[in-house]
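Okay, structure first, notes after.
We use all heavy atoms of the structure for the numbers below, so side chains are in, but hydrogens, waters and symmetry mates are not. For clarity, every value in this text was computed on a predicted model and none was experimentally measured.
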Amino acid sequence: MHADIKKILISEKEICERSKELGRKISEDYRGKKPLLVGLLKGSVPFMAELMKHIELDIEIDFMDVSSYDGTESVGDVRIDKDLSNSARGDDIILVEDIVDTGRTLQVVIDFLYQKGASSVKVVSLLDKPDRRVVDIKADYVGFVVPNEFVVGFGLDYNQKYRNLPYVGVLKEDCY
Ligand code: IMP
């Protein structure tokens with residue numbers, strides 16, 4: 001275990017097993033369709049790579065980059081830094097997220113994708129932190145619900161570090 005990690009919340013094995021279950025469920029729900037998986041950079045990358053191996057459909061993938069700005073939590077806003085490479089018109093989009101926290105990012109991105117003409121937008125998130133929700137929004141597929149603690153690993157960062165850890169863990173307080 002990395003020296004900065006206080007405890008492991010979710011092991012690599014658990015993440016892989018859950019990704020397999022989610023991939024199977026998505027394959028059933030989208031049977032006959034060709035969904036576009038859209039990962040939100042950078043946190044979704046390891047989860048997207050794991051999940052898509054288990055989706056037995058003709059999918060395509062794309063990425064968007066969005067960032068929060070404005071500092072304070074109550075008025076935080078979201079900016080789109082990288083749009084999709086292609087038009088979303090008529091697409092069944094599955095947004096892939098690392099964690100749903102306040103829900104603000106998802107709300108902005110979902111509205112944006114519908115404005116671009118998506119037929120449907122659903123969300124799959126590795127983690128869900130419902131205690132922190134500000135916007136009334138829910139992921140359609142959730143890997144794990146986590147408590148209100150700052151977590152890192154499997155794509156999630158603190159100051160761009162720890163994304164490469166193969167598990168999700170809680171940082172030691174003296175690392176903040
Ligand atoms: P939201 O818009 O508040 O739902 O924020 C979602 C984004 O905040 C996620 O995609 C993460 O990048 C980041 N985030 C929220 N909670 C955590 C955490 O516990 N660890 C690392 N990143 C987090």
Side chain of [X], backbone of [Y]: donor and acceptor closer than 3.5 Å?
{"X": "Lys129", "Y": "Glu149", "value": "yes"}
{"X": "Lys172", "Y": "Ala3", "value": "yes"}
{"X": "Ser27", "Y": "Glu56", "value": "yes"}
{"X": "Tyr158", "Y": "Val152", "value": "no"}
{"X": "Lys82", "Y": "Phe63", "value": "yes"}

Using a strict threshold of under 4.0 Å (side-chain N to carboxylate O), is an ion pair present between [Y] and [X]?
{"X": "Arg79", "Y": "Asp81", "result": "yes"}
{"X": "Glu21", "Y": "Arg18", "result": "yes"}
{"X": "Asp83", "Y": "Lys116", "result": "yes"}
{"X": "Glu17", "Y": "Lys13", "result": "yes"}
{"X": "Asp128", "Y": "Arg133", "result": "yes"}

For the atom pair [atom1] ([X]) and [atom2] ([Y]), what is the distance rounded to the nearest 0.5 Å?
{"X": "Ser67", "Y": "Asp77", "atom1": "OG", "atom2": "CG", "answer": "10.0 Å"}
{"X": "Asn159", "Y": "Cys175", "atom1": "CG", "atom2": "SG", "answer": "11.0 Å"}
{"X": "Ile10", "Y": "Ile15", "atom1": "CD1", "atom2": "CD1", "answer": "6.0 Å"}

### Message
For Glu12, I'd like to know if atom CD has over 12 heavy atoms of other residues, nucleotides or ligands within 6.0 Å.
### Response
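No, because the 6.0 Å sphere around CD of Glu12 holds 12 heavy atoms or fewer from other groups.
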### Task
Report yes or no: do Ser119 and Asp92 form a side-chain donor-acceptor pair below 3.5 Å?
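No - no donor-acceptor pair under 3.5 Å links their side chains.
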### Task
Check the side chains of Tyr162 and Asp4 for a donor-acceptor pair under 3.5 angstrom, ignoring hydrogens and angles.
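Yes, a side-chain donor-acceptor pair sits under 3.5 Å.
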### Message
Consider side-chain contact (heavy atoms from CB on, under 4.5 Å). Of Asp111, Val121, Asp101, Leu95, which one does Leu106 pass it with?
### Response
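Among the candidates, only Leu95 passes.
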